[in-house]
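Because the structure is predicted, anything quoted here is derived from the model rather than measured. Sequence lines set the chain letters: A, B, ... in the order given, protein chains first and strands last, and positions in each chain run from 1.
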2 protein chains.
Amino acid sequence: MRCDRSLAAFIRTRLAAVLMMAAAALSLTSVRASADDIQILTTPAGIEVWLKSESSIPIVSLEMAFRGGASLDPEDREGLANMITGLLDEGAGELESQAFQERLDELSLRMRFDIGRDALYGSMTSLTPNLDEAADLFRLALTEPRFDPEPVERIRGQIMIGLLQDEEDPHARAWSTFSSTAFPGHVYGRLVDGTPETVEAITKEDLAGFVGENFTRDRLVVSVVGDIDAERTMELIDHIFAGLPAEGAPIAVPDVEPVSGVVDVIAMDVPQSAIVFGLPGLMRDDPDFYAAYVLNKALGGGGLNTRLFEEVRKERGLAYSVSTYVYAYDQAGLWLGSAGTQNARAAETLEVIRAVLKEVSANGITQQELDDARDYLTGSFPLRLDSNQAIAGMLLSIQLQDLGVDYIEKRNSYIDAVTPDDIRRVAGRLLHVDDLLVVVAGQPVGITPTESVD
Amino acid sequence: MRCDRSLAAFIRTRLAAVLMMAAAALSLTSVRASADDIQILTTPAGIEVWLKSESSIPIVSLEMAFRGGASLDPEDREGLANMITGLLDEGAGELESQAFQERLDELSLRMRFDIGRDALYGSMTSLTPNLDEAADLFRLALTEPRFDPEPVERIRGQIMIGLLQDEEDPHARAWSTFSSTAFPGHVYGRLVDGTPETVEAITKEDLAGFVGENFTRDRLVVSVVGDIDAERTMELIDHIFAGLPAEGAPIAVPDVEPVSGVVDVIAMDVPQSAIVFGLPGLMRDDPDFYAAYVLNKALGGGGLNTRLFEEVRKERGLAYSVSTYVYAYDQAGLWLGSAGTQNARAAETLEVIRAVLKEVSANGITQQELDDARDYLTGSFPLRLDSNQAIAGMLLSIQLQDLGVDYIEKRNSYIDAVTPDDIRRVAGRLLHVDDLLVVVAGQPVGITPTESVD
């Protein structure tokens, strides 16, 4: 189980995997682990599943998600969906926690659950001969979780420890305050992990209620990769999921634009300041999304060869780290950055970041920076498809973001198509330095908070 | 880089990956990711390399090792080889540390180095189109590491922090004391990570001297898996390795049998005791090795379905963990176990462990336990071959341990061939309870150390 899915943790893991691949010097024009053999199946029970058969190793990977995720937490139960992901493999059906874990052991079954803002993720990797039993266990976990007192209190305790640790961590504090400041009154402003109060308040009824209401077939997205054919896949999927309720209530998360132009300081007695900065970004289906993605790479998106790293770290030795991220929630676009620096140099660091954004907003990036960013993003793409489980995860993301079954083949052409004009246009659209929302945790010298926006 | 390769860390990672796979309910009689397409090549420069071509994704994984590893550390420079693994990607040839890291970034090149008792490991995964440049960087790292002052002091600092943390960690303390107690006067008794004194003493000359003397072609073992053919593989291998010296001095690590029948206590002010226990084990080429491996699985080798877990944890709730490991060094065989328990119940935990060993030594295990252990070990084997890098690692291990090119295909038949008679024989051979070497860190109530064996 994973229970540390704060915004920070979420970005560090899922986004990091997606965006921060290292650079590639040569561009690959096609990816051979391609989409041409993806089958889109509809099971007898009416469930759609994407399948890539690959029989070289007797293993099957299944990746699934229920749309909604932490956004569906009731207001006074922040952290509920997160806590559920920690408990789904802690007893289900007739099997108490230890019996369930022993059964996982016996089957060599890898099962895990994960929470995001917009979806709750599940994953299993099974040996082919054990698929029937694996499907049974996975079905039990999703349809009949027990939420017995012992595992509930144990997992609650683990989450509490994580929350206490986050309290002491300037980066975690800056990230969570950034969320609440950027999205006041919106579910995206809440904490995925919850607060000590809300996590303490969660009852067995809350846990079971969330599962009953939100684990539904209309919310389900699923992909399968491995040693399995279409017929067997449809049986497997229906065995696991057909018993779920057909429909949940509509997901009523409204579109939202993050708050702009605020500087907030969280006083912490630490030698180094954690800086989080951001601006309104683009939604995933925006025509300029790929231009923003390439621009972000050149500015600060992973690796050491970025404008911000060059200016902030190499030229001036100001920060020990600086990175930026394109972040497309279902209902909001964000462009985010983070840096760590000595307290004494926090203001100067922020000043250099602002100057870089202003310069790029006005003049774009160089042709070399554009070429490097495109090469990096296209060249490193195959490294994200290097196991069946990774491919299943990619197929899941493609469905969740509605990118089309040919996305794996076409994705690099979208990146390659980004022109200097596109970059200039999107830089002008996005990089409004005066709108920067900044949260600093530490004792940053020379940074004055703006008025509170409560 | 990894610099926390203490015995404990080594066991937790490498061994855990090898031995602690979860159980499989059904036995797989053959593994399709098999050895039938492994090519054994000899390059023009005379270097042998094992290749499995697999072109579905444009990635190539190379795994290599120089035999010797931490065993070659000079006596007053414990931790030297470990420190080197942290520095090989921190500047080489004309490239200073940051330039080297930037080049890795630009190439999307994953490179890492790792230390073991008997070998120093290297690994790279490159995109196919970048292979030439990747090979250049890997060659530089192995043949011209710079060991500049800045990275040397930075990595030394990181290692020191790890050593200080280990000082406070009862499990780390118990493991390291177990090693020094089991192998007094032998290199296996030293610390892979070194001590604050020895790490402090390491100079640039020590680092460069070790590389010059021990990174030699006669010590080299290498495997390649991925999108590459035989001809290109041989070019690649010679480009990287042909410039190395042909021969190092003979590796003069003598065979050794671990010390028996000692109980040692390390007083630490912690609420829970860490227990490490062990007995002389079998060398990798012992005819009874597979029987010992199956016996170990049934006794305590991973998962919750083991005799020790059953008796210690489930029946009596004594320990929060108990596991055992088969450990075959090049020059010594060990059977190891570890447990964690409240101080007050340490003696009782150890008593139950002794009783289980005594019982199994006399009567072996049940047919059901034997069947379950064999099924687990054979069934979970494919999960260890689920990516090209994993297969390359397996091919490397097979060479290092001289198991034969058909090992992947035959391995499960070796496990399946283990009979109840084999188990009884090997249990009688190994499980001499009175010989148990025990190290406990904590404040274990009721455990009396035997006389010191200095």
Any chance CD of B:E94 has more than 12 other-residue heavy atoms, nucleotides or ligands included, within less than 6.0 Å? no

Portion of A:E54 that has a non-hydrogen atom of chain B nearer than 4.5 angstrom: neither

For B:D386 and A:S387: C-alpha separation, side-chain torsions, deciding distance, then whether side-chain contact (heavy atoms from CB on, under 4.5 Å) applies. CA-CA 7 Å; B:D386 70 346; A:S387 72; 5.7 Å; no

What are the two closest non-hydrogen atoms of A:N305 and B:E102, and how far apart are they? ND2-O, 3.5 Å

Quick one: are B:R103 and A:L304 in side-chain contact, heavy atoms under 4.5 Å? no

Is any side-chain heavy atom of B:L383 closer than 4.5 Å to one of A:R110? yes

Give, for atom OG1 of B:T306 and atom CG of A:D105, the distance between the pair rounded to the nearest 0.5 Å. 9.5 Å

With sequence neighbours left out, what residues match B:S123 under side-chain hydrogen bond (donor to acceptor under 3.5 Å, both in side chains)? B:E63, B:Q389

To the nearest 0.5 Å, atom OG of B:S56 lies from atom CD1 of A:I391 at 7.0 Å

Find the distance between CD (A:E106) and CG (B:D375) and round it off to the nearest 0.5 Å. 10.5 Å

Test side chain to side chain contact (heavy atoms under 4.5 Å, CB included) applied to A:E168 - qualifying residues, sequence neighbours left out: none

Crowding at CD, A:E153 (>12 non-hydrogen neighbours, <6.0 Å): yes

